[in-house]
Amino acid sequence: MEKIDIISGVAVPLKRANVDTDQIIPAVYLKRVTKTGFEDALFAGWRNDPDFVLNQPAFQNPRVLVAGPDFGTGSSREHAVWALRDFGFQAVLAPRFGDIFRGNSGKQGLLTGQVSEHEIEKLWAAIEADPGVAVTVDLVERTAVLGDLTVPFQIDDYTRWRLLEGLDDIGLTLRDEAAITEFESRRESWRPRTLPVK
Amino acid sequence: MSDTRPPARTLAEKVWDDHLVVKGENGSPDLIYIDLHLVHEVTSPQAFDGLRAEGRPVRRLDLTIATEDHNTPTLAIDKPIADLTSRTQIDTLRNNAKEFGVRLHSLGDVEQGIVHVVGPQLGLTMPGITVVCGDSHTSTHGAFGAMAFGIGTSEVEHVLATQTLPLKPFKTMAITVEGTLRPGVTAKDIILAVIAKIGTGGGQGYVLEYRGSAIRSLSMEGRMTICNMSIEAGARAGMVAPDQITFDYLEGRPHAPAGEDWDAAVEYWKTLQTDDDAVFDAEVFLDADTLEPFVTWGTNPGQGASLSDTVPDPSTIIDPNERASAERALEYMDLKAGTPLKEIPVDAVFMGSCTNSRIEDLRAFASVIKGQKKADNVRVMVVPGSARVRIEAEAEGIDKIVEEFGAEWRFAGCSMCLGMNPDQLAPGERCASTSNRNFEGRQGKGGRTHLVSPLVAAATAIRGTLSSVSDLTTETATTETATTDAATRTETETVEV
Ligand code: SF4
């Protein structure tokens, strides 16, 4: 997982509340056997609508999603994070997130910043005044900067540290590599082995 | 399992402690070593893909084994798999196993089969180890006194990469079953009764330890049936302390320890008992003497009753959620309150799944149907848990008994347990099934499932309505003692279990 400190790129306003994980990625896409390549599945139910924000020329190659309250509620599917990430999003700002979605995001390198509803509206207004404008999300300072507008966001210390260090769950465990190797050296020889095949 | 733990420990706590790589501090999880990782085609593709993306290898190929089970057809196994999703999952596992070097038993291989049948059969599952698999019924392996639990796809990736898992300690619950089971009553009836008693959420957050004289006298297969369904009580895992029955089952299996290793192992395994003064976080008791064959009437495994009962009347249920759930269940199951369970006719009987598809289960089923004909309007499918079980059964003539009965003798796999392959119920069809889940649509869209033991499945297949062996005529019930050793064991089994 790559380290994140400053994300800068096109911000997209998603002016809807309660966007659950079924809307982020519908269930039909869960049958796939890969962990990447879900960009076509993101918001699949809305993508056919030419007016949908992601279809507008100003918002191509976006990096930051500025969403309404209760983003990512519903089913626990990790695919929701994969789809956002594969589409190119590195951060989502919203007034509230679904808990599991938020946890999954932190583990997969997607920044979720909590911004008050009032300031989300300010961000939306600023983006609409200048569609395609870039926003800078600074994880060190916990701020989103858009032109003259600077809004603070919240993210818990632990998740912030992991994102700054680029540690997914596995990376975190592998910090204890020495302890694992030491444990392995003590394992009894009667314990099962699948190889060689008998 | 906190720092204030008294010196006396439960079985689960002992196994946990012996796998502690790093003790978690300030509320962070413990890092637990995993001795055995079982892999199958449904929950592994994205885990391997994750490794690939990060350039990580499988840390311990010698503690990892894969088999194909959920999607495999049980007929014409030499032909390409028709369903595209199923075929893709299987092909992906094959490619991943090859690329990463994981041992894989593919369709057609003698060790292929349901992952929870294959591990014990190879002697890989043993007391005092930790076992994980991306499948909730991994709890099966707890029958050996192992700590075994299901994990999700990201955890599969985690174990592949690190051979460890960060875990918060579980609570412990004792399920004590004392007494002697009556003839025709089996391990499956015990666990269905336990789930009906504590509910499908009753075990949440717990590791269950099954204890008491009724559990001690069960075979390994019976103990596996019980531990298998721990998850249906909401528990993370189920365990039975190892004893001579465990050691006898294991000794001589391909991957069981041998020589000095065997002696050292047995010495350690004998210490894997809950200490007399250890304290469980919760306790449940069940009387084996009065237990009758059990069957589910609803759409979750906790909605069950003795076979001699009637379909319950939801209006008598006090808890409003339970009542609503029972009402919905009866509607889906097309059942009327007050109907004697034994008057319910079935369209199908499924004998299989990781709950009841081992050789002993097939012997029990065969002992009842031997020399009989199935009811005309019932289709009966018998699916061994693994290719090796199928071969063993054929050596004992069980395939012939099944075919002469009018039932279908299939190749190994999960089959109609979840209907990911073509083995499915048609909408509205009713099935007596030896599997573990009776959820709406589990065995096919609109299908209706009654969970039962192999003996009840057999008696039901003969009579065409939900039945126990005691409903068969005396002549039928006391199956003639057989010509082979195996059938003699079956007979004993039927009486003793
Ligand atoms: S037999 Fe059924 S419960 Fe067991 S592993 Fe297969 S699908 Fe799951």
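Within every chain, numbering begins at 1; the chains are lettered A, B, ... in the order of the sequence lines, protein sequences first and strands thereafter. Quick caveat, the model's predicted, so the values are computed rather than measured.
A distance of 6.0 Å or more separates the ring centres of A:Y29 and A:F38.
Using a cut-off of 4.0 Å between Lys/Arg side-chain N and Asp/Glu carboxylate O, A:D157 and A:R142 are scored as salt-bridged. Taking the charged nitrogens against the carboxylate oxygens, A:D40 and A:R47 have no contact shorter than 4.0 Å, which rules out a salt bridge. Here A:R191 does not pair with A:E184 in a salt bridge; the nearest charged N to carboxylate O distance is not below 4.0 Å.
Residue contact with chain B, scored on non-hydrogen atoms closer than 4.5 Å, involves the backbone and the side chain of A:D169 alike. In this structure, chain A has heavy atoms under 4.5 Å from both the backbone and the side chain of B:S154. Using a 4.5 Å cut-off between heavy atoms, B:I65 contacts chain A through both its backbone and its side chain. Both the backbone and the side chain of B:E157 have a heavy atom closer than 4.5 Å to some heavy atom of chain A. For chain A, the nearby parts of B:V21 are the backbone and the side chain; heavy atoms of each come within less than 4.5 Å. With a 4.5 angstrom heavy-atom cutoff, B:F48 does not touch chain A via any of its atoms. Looking at B:R52, neither its backbone nor its side chain comes within 4.5 Å of chain A, counting heavy atoms on both sides. In this structure, chain A has heavy atoms under 4.5 Å from both the backbone and the side chain of B:I129. At a 4.5 Å heavy-atom cutoff, B:P29 makes no contact with chain A through either its backbone or its side chain. Contacts between A:E188 and chain B at a heavy-atom distance below 4.5 Å are absent for every atom of the residue. Looking at A:N104, neither its backbone nor its side chain comes within 4.5 Å of chain B, counting heavy atoms on both sides. Only the backbone of B:L20 comes within contact range of chain A, with at least one heavy atom under 4.5 Å from a heavy atom of that chain.
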Exercise. Can you check side-chain hydrogen bond (donor to acceptor under 3.5 Å, both in side chains) on B:Q89 and B:E68, steps first, answer last?
Worked result: CA-CA 9 Å; B:Q89 290 192 345; B:E68 300 167 359; over 6 Å; no

Problem set entry | Audit row: A:E78, B:T153, side-chain hydrogen bond (donor to acceptor under 3.5 Å, both in side chains) steps and yes/no | CA-CA 10 Å; A:E78 292 171 72; B:T153 297; 6.0 Å; no

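Put simply, the residue from A:E128, A:E121, A:E117 that forms a salt bridge (Lys or Arg N to Asp or Glu O under 4.0 Å) with A:K15 is A:E128. Screening A:F89, A:F87, A:W82 for a side-chain contact (heavy atoms from CB on, under 4.5 Å) with A:R85, the sole residue that qualifies is A:W82.
Of all the listed residues (B:L61, B:V42, B:L122), the one sharing the greatest number of non-hydrogen pairs under 4.5 Å with chain A is B:L61. No other option in B:H19, B:E155, B:E54, B:R56 has as many heavy-atom pairs under 4.5 Å with chain A as B:R56. Taking chain A as the reference chain and counting heavy-atom pairs below 4.5 Å, the highest number among B:R60, B:E111, B:E260 is found for B:R60. Taking A:R193, A:R186, A:R32 one by one and counting their heavy-atom pairs under 4.5 Å with chain B, the maximum is reached by A:R193. The greatest number of non-hydrogen atom pairs below 4.5 Å with chain B, out of A:K107, A:E182, A:M1, is found for A:M1.
Judged by distance alone, with hydrogens and angles left aside, the side-chain atoms of A:T194 form a donor-acceptor pair with the main-chain N or O of B:T64 at under 3.5 Å. With hydrogens and angles ignored, the 3.5 Å screen pairs a side-chain donor or acceptor of A:R160 with a backbone N or O of A:L139.
The CZ atom of A:R162 sits 7.0 Å away from the CG atom of A:L167 when rounded to the nearest 0.5 Å.
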